[in-house]
S.K.: 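So that we are looking at the same thing, I have put the structure below in C-alpha cells.
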Amino acid sequence: MKRLRTIRQRPNRATAAQVSAVATILGLLLLSSFLGNFFNTTLPAEEEELEFQHGVLIQNQMAELQATIYKEASSPLPYNLPTPISLGSEPYPPFGLSSPGSIAPAGPGTSVNSTYTLVSIDGNSPDWNFGSHCLSPAGSGTCITPGVTNSWNSTANGTRFNVIIAASASTNGLYYNITGQNDSLNVTWLGATAGRVEVVIYGSNDTVNFTMSGLDANSPILQFLFYGQNDTINSYITTVHIGVGGTSDLVQFVGVHEPLCPQLNLSGTDRLGHTNVTGLNSNVKFTVSWWNAIGRTTAPNTLPLAGGGSSVTFLNNTGFIACAFTKAYPEKYLIQYESGILVHLNNRYDPPTDIAYDDGAVILAHPGLGSILLDQPNLFVRPINSQAAMIVNGAGGPVSVSGFDANFTLVSLFGNYSQEVGVGTASVLTRVIDSHTYSVINLPPKNIYLASFWLNVTTPYPSAWSSLFSTWPGAAIPGGFHCTTTVVIAAPYTCLLPPPGDSVTLSGEMLISELNLQTVTVAVSIA
C-alpha cells in the first residue's frame with residue numbers, strides 16, 4: 001500500500017536537494033580544475049616529451065639514411081633501398097595533436113668540393129762537371145772578368161771547392177750546383193759590386209762558407225738551397241753599402257732529397273752557423289727557412305744583427321716545393337658535389353628543429369641557435385705514423401714515410417623530388433648509380449704526386465662542420481679552415497653562426513701524403 005507523505009517530510013526533501021546541488025557544483029569545479037591542469041600542464045608536458053622523442057626518432061632515421069647510402073656505395077649490387085622518415089609526432093590522447101613536419105631537398109647553399117693538384121716530376125739536371133773557364137777544371141778558381149755570371153756544376157764527393165770573385169768594374173753573379181756528400185764550398189767575394197748568387201746543394205753533410213767584403217753600390221740577392229741532411233752554412237759579410245736596398249740573403253733547408261720535396265722533418269738536422277755582419281750600413285737581411293712535410297709551421301722570428309739595420313729571420317714552413325734539378329708539370333682537378341636533404345619539425349612545444357643530411361653528415365640545428373654534428377660523414381684524417389711498416393725503398397734506399405692520410409667519401413644526390421608536408425611517413429628511396437675511387441700516395445720513387453688538396457664545404461651549418469674539423473690533426477691543415485660568405489652578415493650573427501637560410505663556405509688547404517677519395521652519385525626519390 002502506497003505510503004502517504006506528510007507535510008513534515010518537505011523540509012527533509014529540501015535539505016537533500018541543497019546537498020545534491022552543492023555536490024554537483026563541487027564536481028564541476030573538480031572537473032574544471034582537472035581539465036585546466038590537463039590542458040595547461042599535463043598536455044603540454046606530454047606533447048613536448050612526444051615531440052622530443054619524435055626528434056630522436058628522426059635523428060635515428062637520418063642516420064639510417066646515411067648508413068644506407070654508404071652501404072649501397074660499397075656494394076657492387078644496384079640496390080634501391082627505402083628509408084622511412086616519420087614527419088609527424090605522436091599525439092597525446094585524448095586531446096593531443098600531432099606536430100607536422102616536412103622533408104625537402106636542401107637549398108642551393110649545400111655543396112662540397114675538393115680541388116687537388118697532381119704533379120708529375122721529371123729530371124732537369126744541368127751539365128755536370130762543367131762551367132765557367134775561371135773555375136775549370138775542378139770547380140775551384142778565381143774569376144776576375146767584370147759583368148759576368150760565373151757558374152759550375154759538380155758531382156764530386158768529399159771535395160773542397162774554393163771560389164774567389166774578384167771583378168770590380170760592374171755587377172757579377174754566381175750560379176753553383178753541387179750533387180754530392182761531405183763537400184765544402186768556400187766562396188770569397190772581393191768584387192765591389194755583386195749581383196745574384198744562387199747555390200744549390202743536393203746532398204748531406206755539406207758545408208757552405210760565404211764571405212763578402214768591400215764596397216758595394218748594388219743590392220745583391222743571395223740564395224742558398226740545401227736538399228739533404230746535416231748541412232751547414234756560415235756567412236761572413238763585412239760589405240759596406242753606399243746605395244739603397246742592402247743585401248738579401250735567403251737560406252732554405254729542404255731536408256732529404258727525394259723526388260717530392262720535402263719529406264718528413266729532416267731539415268731539422270740542418271744548421272745555420274755563423275752569421276757575422278760588420279761594417280757601417282751593411283744592411284743585410286737574412287731569411288732562414290726549415291721546410292718539412294709534417295705540418296709544422298712557425299711565425300717569423302726576427303732578431304737584430306750588428307751592422308747597420310741588419311737582421312736574421314727564422315721560420316718553419318710546410319708543404320711541397322720544387323726539388324733540386326727537377327721540373328714539375330702540375331694538373332689541377334675539381335670535384336663538385338651538391339648533397340642535402342632537410343627535415344623540418346614544426347613543433348608546437350619544443351623549438352622548431354632542422355635535422356639535415358648535409359654533404360654526408362647528419363646535423364641537428366635550431367634555426368638561429370647553431371648546429372650540432374650528430375653523425376660525421378666519411379671524412380677521416382690521421383697521421384701516417386700511426387700505421388705499421390711504413391718503410392719503403394726510395395731512390396736513395398729505405399725511406400720512412402710520414403705525413404697524413406685522408407680517406408674521404410663525397411656524396412652527390414640528384415632527383416626530381418619536391419617538399420612533402422604532413423604527419424605521415426615519407427619513404428626516401430636511394431640508388432647509387434655511380435661510384436669511383438681515386439688513390440694517390442706520395443711514396444718515392446714515383447712520377448705522380450699529390451702536391452695540393454683543398455676541401456671546401458658550403459653549408460648553412462658551419463658550426464657543426466667546424467667541430468668536425470677541430471678533431472683532425474692540426475698539422476694536417478697548417479693554415480686552418482677559413483669561413484667566408486658572399487652576403488653581409490650583421491650582428492648578432494657571425495660567419496660560424498649565420499642567419500637562418502644563409503650558407504657560408506669553410507675552406508682549408510690540407511697537407512696530405514696519402515689520399516683515398518671516393519665519389520658517389522645517388523638517385524633520390526621521396527614517396
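Treat the numbers as computed from the prediction; the structure is a model and nothing was measured.
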S.K.: Specify the closest pair of heavy atoms between Val362 and Met62, including all atoms of both residues, with the distance to one decimal.
M.R.: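 Scanning both residues completely, I find the closest heavy atoms to be CG2-O, 3.7 Å.
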
S.K.: Donor-acceptor pair, Thr521 side chain versus Ile433 backbone, under 3.5 Å?
M.R.: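 Not at all, since once roles are kept as given, no pair shorter than 3.5 Å links the two residues.
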
S.K.: State whether a side-chain donor-acceptor pair under 3.5 Å links Glu331 with Tyr333.
M.R.: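 Glu331 vs Tyr333: donor-acceptor pair found between side chains.
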
S.K.: Donor-acceptor pair, distance only, cut-off 3.5 Å: does the side chain of Asn172 make one with the backbone of Gly147?
M.R.: yes

S.K.: Please walk me through it: do Ile335 and Leu517 pass side chain to side chain contact (heavy atoms under 4.5 Å, CB included)?
M.R.: CA-CA 10 Å; Ile335 296 179; Leu517 178 65; 3.5 Å; yes

S.K.: Backbone N or O of Asn162 within a donor-acceptor pair of the Ser140 side chain at under 3.5 Å?
M.R.: yes

S.K.: Quick one, Thr458 with Thr505, criterion side chain to side chain donor-acceptor pair (under 3.5 Å). Give me CA distance, side-chain angles, the key distance, then yes/no.
M.R.: CA-CA 4 Å; Thr458 301; Thr505 299; 2.9 Å; yes

S.K.: Donor-acceptor pair, Asn265 side chain versus Gly268 backbone, under 3.5 Å?
M.R.: no

S.K.: Any side-chain heavy-atom pair from Leu450 and Leu118 closer than 4.5 angstrom?
M.R.: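 Side chain of Leu450 against side chain of Leu118, heavy atoms only: contact under 4.5 Å found.
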
S.K.: Between Tyr449 and Phe320, is the ring centre distance below 6.0 Å?
M.R.: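 Judged by ring-centre distance (under 6.0 Å), Tyr449 and Phe320 do not meet the cut-off.
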
S.K.: For Ser466 and Leu506, which heavy atoms make the closest approach, and how far apart are they?
M.R.: N-CD1, 4.1 Å

S.K.: Look only at the side chain of Gln181 and the backbone of Asn205, and say whether a donor-acceptor pair between them is shorter than 3.5 Å.
M.R.: no

S.K.: Do Val381 and Met510 make a side-chain contact, defined as non-hydrogen atoms from C-beta onward lying under 4.5 Å apart?
M.R.: yes

S.K.: Do Thr117 and Phe453 have side chains that approach each other closer than 4.5 Å (heavy atoms only, starting at C-beta)?
M.R.: no

S.K.: Tell me every residue that passes ring pair (Phe, Tyr, Trp, His ring centres under 6.0 Å) with Phe481, counting only those two or more places apart in sequence or in another chain.
M.R.: Phe469

S.K.: Please find out if less than 6.0 Å separates the ring center of Trp128 from that of Phe325.
M.R.: yes

S.K.: Trp290: which residues meet the ring pair (Phe, Tyr, Trp, His ring centres under 6.0 Å) condition with it, sequence neighbours left out?
M.R.: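 Per chain and number, Trp290 pairs via ring pair (Phe, Tyr, Trp, His ring centres under 6.0 Å) with Phe253.
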
S.K.: Would the distance check show the side chain of Thr318 and the main-chain N or O of Asn292 forming a donor-acceptor pair, the cut-off being under 3.5 Å?
M.R.: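 Checked: pair present.
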
S.K.: Report the C-alpha distance between Gln229 and Ser204 in whole Å, list the side-chain angles of each, state the deciding distance to 0.1 Å, and finish with yes or no for side chain to side chain donor-acceptor pair (under 3.5 Å).
M.R.: CA-CA 5 Å; Gln229 303 176 57; Ser204 297; 4.7 Å; no

S.K.: Between Val312 and Val288, is the side chain to side chain contact (heavy atoms under 4.5 Å, CB included) condition met? List the steps.
M.R.: CA-CA 7 Å; Val312 57; Val288 187; 4.2 Å; yes

S.K.: Verify whether one side chain among Thr297 and Asn316 offers a donor that lies under 3.5 Å from an acceptor in the other.
M.R.: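 Not at all, the side chains of Thr297 and Asn316 share no donor-acceptor pair under 3.5 Å.
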
S.K.: Taking side chain to side chain donor-acceptor pair (under 3.5 Å) as the definition, give me every residue that meets it alongside Ser371, ordered by chain and number, with sequence neighbours left out.
M.R.: Ser463

S.K.: Please examine the side chains of Val200 and Ile178, heavy atoms only from C-beta on, and report whether any two atoms are closer than 4.5 Å.
M.R.: no

S.K.: Do Trp472 and Phe380 have side chains that approach each other closer than 4.5 Å (heavy atoms only, starting at C-beta)?
M.R.: no

S.K.: Can you give me the closest heavy-atom contact between Ser213 and Thr238, atom names plus distance?
M.R.: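 So the minimum-distance heavy-atom pair works out to CB-OG1, 3.1 Å.
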
S.K.: With no hydrogens and no angle check, is any side-chain donor or acceptor of Ser311 less than 3.5 Å from a backbone partner on Thr302?
M.R.: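 Absent.
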
S.K.: I'd like to know if the side chain of Asn129 pairs up with that of Thr155 as donor and acceptor (distance under 3.5 Å, no hydrogens or angles considered).
M.R.: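 A donor-acceptor contact under 3.5 Å links the two side chains.
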
S.K.: Can you list every pair that meets salt bridge (charged side-chain N to carboxylate O under 4.0 Å, His left out) and has a residue in residues 195-213, with sequence neighbours left out?
M.R.: Arg196-Glu198

S.K.: Kindly indicate whether the side chain of Ser435, heavy atoms from C-beta on, has any atom under 4.5 Å from the side chain of Val520.
M.R.: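 In short, these two side chains touch, coming nearer than 4.5 Å.
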
S.K.: Please walk me through it: do Tyr236 and Phe210 pass ring-ring contact (aromatic ring centres under 6.0 Å, His included)?
M.R.: CA-CA 6 Å; Tyr236 307 88; Phe210 185 81; 9.7 Å; no

S.K.: Show your reasoning for whether side chain to side chain donor-acceptor pair (under 3.5 Å) applies to Asp359 and Trp465.
M.R.: CA-CA 10 Å; Asp359 297 324; Trp465 281 96; 4.9 Å; no

S.K.: Sequence neighbours left out, what passes side chain to side chain donor-acceptor pair (under 3.5 Å) with Ser184? Give chain and number order.
M.R.: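 Result, side chain to side chain donor-acceptor pair (under 3.5 Å) vs Ser184: none returned.
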
S.K.: Give a yes or no on whether a salt bridge exists between Asp405 and Arg382, defined as a side-chain N under 4.0 angstrom from a carboxylate O.
M.R.: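 Salt bridge between Asp405 and Arg382, a charged N being under 4.0 Å from a carboxylate O: yes.
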
S.K.: For Thr110 and Ala106, work out which heavy atoms get closest and say how close.
M.R.: OG1-CB, 3.7 Å

S.K.: Decide if the gap between the ring center of Phe408 and the ring center of Tyr116 is smaller than 6.0 angstrom.
M.R.: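 Not close enough - the centres of the two rings lie 6.0 Å or further apart.
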
S.K.: So, taking the atom named CG in Asp270 and the one named CD1 in Ile201, what distance separates them when rounded to the nearest 0.5 Å?
M.R.: 11.0 Å

S.K.: Would Leu303 and Phe314 count as a side chain to side chain contact (heavy atoms under 4.5 Å, CB included) here? Give the steps.
M.R.: CA-CA 8 Å; Leu303 301 175; Phe314 305 94; 3.8 Å; yes

S.K.: Could you tell me whether the side chain of Leu190 reaches within less than 4.5 Å of the side chain of Ile164, counting heavy atoms only?
M.R.: yes

S.K.: Are there more than 12 heavy atoms of other residues, nucleotides or ligands under 6.0 Å from atom CG of Leu468?
M.R.: yes

S.K.: Determine the minimum heavy-atom distance between Leu222 and Met212, stating which atoms define it.
M.R.: CD2-CE, 4.1 Å

S.K.: Got more than 12 heavy atoms from elsewhere within 6.0 Å of CZ, Phe130?
M.R.: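 Open.
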
S.K.: Given the rule in the side chain to side chain contact (heavy atoms under 4.5 Å, CB included) test, do Leu135 and Cys143 qualify, once you have shown the distances and angles that lead to the verdict?
M.R.: CA-CA 7 Å; Leu135 300 177; Cys143 302; 3.7 Å; yes

S.K.: Run the numbers on Thr326 and Asn124 for side chain to side chain donor-acceptor pair (under 3.5 Å), then give the verdict.
M.R.: CA-CA 5 Å; Thr326 59; Asn124 189 31; over 6 Å; no

S.K.: Asn153 side chain to Asp127 main-chain N or O, any donor-acceptor pair under 3.5 Å?
M.R.: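 Flag set: sc Asn153 to bb Asp127 pair under 3.5 Å.
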
S.K.: Could you tell me the separation between the CG atom of Leu379 and the OG1 atom of Thr471, rounded to the nearest 0.5 Å?
M.R.: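 Separation between the atoms: 10.0 Å.
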
S.K.: If you round to the nearest 0.5 Å, how far is OG1 of Thr159 from CZ of Phe161?
M.R.: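 Result: 4.5 Å between the selected atoms.
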
S.K.: Please report the shortest heavy-atom distance between Leu305 and Thr275, naming the atom on each side.
M.R.: CD1-O, 4.0 Å

S.K.: Side-chain contact test, heavy atoms from C-beta onward, threshold under 4.5 Å: evaluate it for Ile165 versus Val197 and give yes or no.
M.R.: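 Not in contact.
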
S.K.: Could you state the interatomic distance from CD1 (Ile221) to OG (Ser248), rounded to the nearest 0.5 Å?
M.R.: 6.0 Å

S.K.: So, taking the atom named CD1 in Ile477 and the one named CD in Glu509, what distance separates them when rounded to the nearest 0.5 Å?
M.R.: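 Reported to 0.5 Å precision, the distance equals 11.0 Å.
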
S.K.: With no hydrogens and no angle check, is any side-chain donor or acceptor of Glu72 less than 3.5 Å from a backbone partner on Ser75?
M.R.: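 Not confirmed, Glu72 side chain does not pair with Ser75 backbone.
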
S.K.: Looking at residues at least two apart in the chain, or sitting in another chain, which of them share a ring pair (Phe, Tyr, Trp, His ring centres under 6.0 Å) with Trp454?
M.R.: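 So Trp454 forms no ring pair (Phe, Tyr, Trp, His ring centres under 6.0 Å) with any residue.
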
